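Right, one structure below, let's go through it.
Heads up: numbering here begins at 1 and tracks the sequence. Computed over heavy atoms, backbone and side chain alike; hydrogens, waters and symmetry mates excluded. Note that this is a predicted model, so its numbers are computed, not measured.
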Amino acid sequence: MKVSEHWWSDRMEQELSLVRWGHYGVPVLLFPTAGGDAEEVERNQLVARLGPLLEAGRIKVYSCDSAAGRAMATRVGSTEYRMWLFNAYHQAVAHEVVPAIHADSNGPQPIVTAGASIGAFNAVSMLCRYPHLFSAAIGMSGTYAIEQFIGGPHTDDLYFSSPLQFVAGLEGEALETLRHRFVLLASGSGDYEDVGESWTVAKVLGDKGIPNRVDDWGPGYMHDWPTWWEMLPLYLDDLVP
């Protein structure tokens, strides 16, 4: 069920890995947490929790390295470089990872994005930046104001990477397409969770007429893998045929 591939990304000026689990079904691009690689979601048993959906042929799960999140978490380079890398990472996903998924899926089809923590930021940002490539985004325990972790003055790279910044300026065909997509923002309110970040994103999306929903799972759910084990299978079961 597992296939891995690796290539050099000129856009990011580093290697990028993509891993797939499953044979058939709706493609789901699952972003790791901040410093995670493409196999983090497997090591932390999230792929196993999706086993029934994978075995039923309803989904195929893909995951690629969190290259920009890793640079942010380990403070690689200057603040300008880290902002540049988020922008370059999103472009690499759109123009390198997505074509690889299409090739593996026998042609283009809409992809569901998902992720937790910084992975939620990437999942929501990719849908909002490239709504012609994706059908829905599932953001779990999202950390969306990434500038607080990068530091330094804001740049255009950060603007175009962050839905909290660029969505307010969307107009025209991209916005019309995005209004036919769906963003699900789920969070607990237990340890290290901040559901307020999800509500902030929901306000930005709602002001532009972009369908979204915030689910607060309550104080029994903290910012950790067991929370996401419960969330993701439930939401994918609702979203995919």
Side-chain angles (χ1 to χ4, degrees), residues 28-38 40-41 43-44 46 63-77 79 81-90 93 112-129 134 136-152 154-155 157-168 183-206 210 212-232 235:
V28 177
L29 179 55
L30 184 52
F31 290 96
T33 60
D37 61 11
E40 180 198 53
V41 293
R43 290 194 303 274
N44 287 281
L46 188 55
S63 188
C64 59
D65 299 327
S66 181
R70 184 184 305 124
M72 181 188 72
T74 58
R75 305 188 74 81
V76 171
T79 56
Y81 169 77
R82 285 173 237 149
M83 294 177 195
W84 169 84
L85 188 56
F86 264 105
N87 195 9
Y89 176 65
H90 290 167
V93 171
V112 175
T113 65
S117 192
I118 296 299
F121 168 86
N122 286 318
V124 173
S125 185
M126 289 305 301
L127 173 71
C128 293
R129 291 188 74 170
F134 304 102
I138 303 170
M140 302 177 293
S141 305
T143 301
Y144 299 105
I146 63 166
E147 59 273 15
Q148 64 185 303
F149 304 109
I150 297 177
H154 295 186
T155 66
D157 285 313
L158 178 64
Y159 175 86
F160 288 112
S161 300
S162 173
L164 287 176
Q165 300 196 30
F166 73 80
V167 165
V183 179
L184 202 156
L185 304 161
S187 177
S189 53
D191 292 348
Y192 307 109
E193 289 279 70
D194 182 3
V195 70
E197 292 213 34
S198 295
W199 283 112
T200 299
V201 174
K203 174 69 163 57
V204 172
L205 298 174
I210 301 163
N212 71 90
R213 187 178 87 223
V214 175
D215 286 353
D216 184 346
W217 285 52
Y221 292 86
M222 62 183 63
H223 195 89
D224 203 357
W225 292 97
T227 292
W228 311 325
W229 292 344
E230 291 196 42
M231 287 178 173
L232 191 58
Y235 290 133

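- Contacts of T155 classified as side-chain contact (heavy atoms from CB on, under 4.5 Å), with partners at least two apart in sequence or in another chain: E80, M83, D157, L158.
- D191 and H223 share no side-chain donor-acceptor pair at under 3.5 Å.
- No side-chain donor from either of E40 and S63 sits under 3.5 Å from a side-chain acceptor of the other.
- The side-chain heavy atoms of P226 and Y221, taken from C-beta on, include no pair separated by under 4.5 Å.
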task = Go through the steps for V93 and F31 under the test side chain to side chain contact (heavy atoms under 4.5 Å, CB included), then give the verdict.
result = CA-CA 10 Å; V93 171; F31 290 96; 4.1 Å; yes
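- The two residues A73 and A34 come nearest to each other via the heavy atoms CB-CB, 4.3 Å.
- Within the model, atoms OG of S187 and CD of E193 stand 4.0 Å from one another, a figure rounded to the nearest 0.5 Å.
- No donor-acceptor distance shorter than 3.5 angstrom exists from the side chain of R82 to the backbone of A68, with no hydrogens or angles considered.
- Put simply, the side chain of W228 reaches to within 4.5 Å of the side chain of T33, judged on heavy atoms.
- The backbone N or O of R213 sits nowhere less than 3.5 Å from a side-chain atom of D215 that would complete a donor-acceptor pair.
- A distance of 11.0 Å separates SG of C128 from CZ of F134, quoted to the nearest 0.5 Å.
- Side-chain contact between L232 and L30: present, with at least one pair of heavy atoms (C-beta onward) separated by less than 4.5 Å.
- When all heavy atoms of A202 and V214 are compared, the closest pair comes out as CB-CG2, 3.6 Å.
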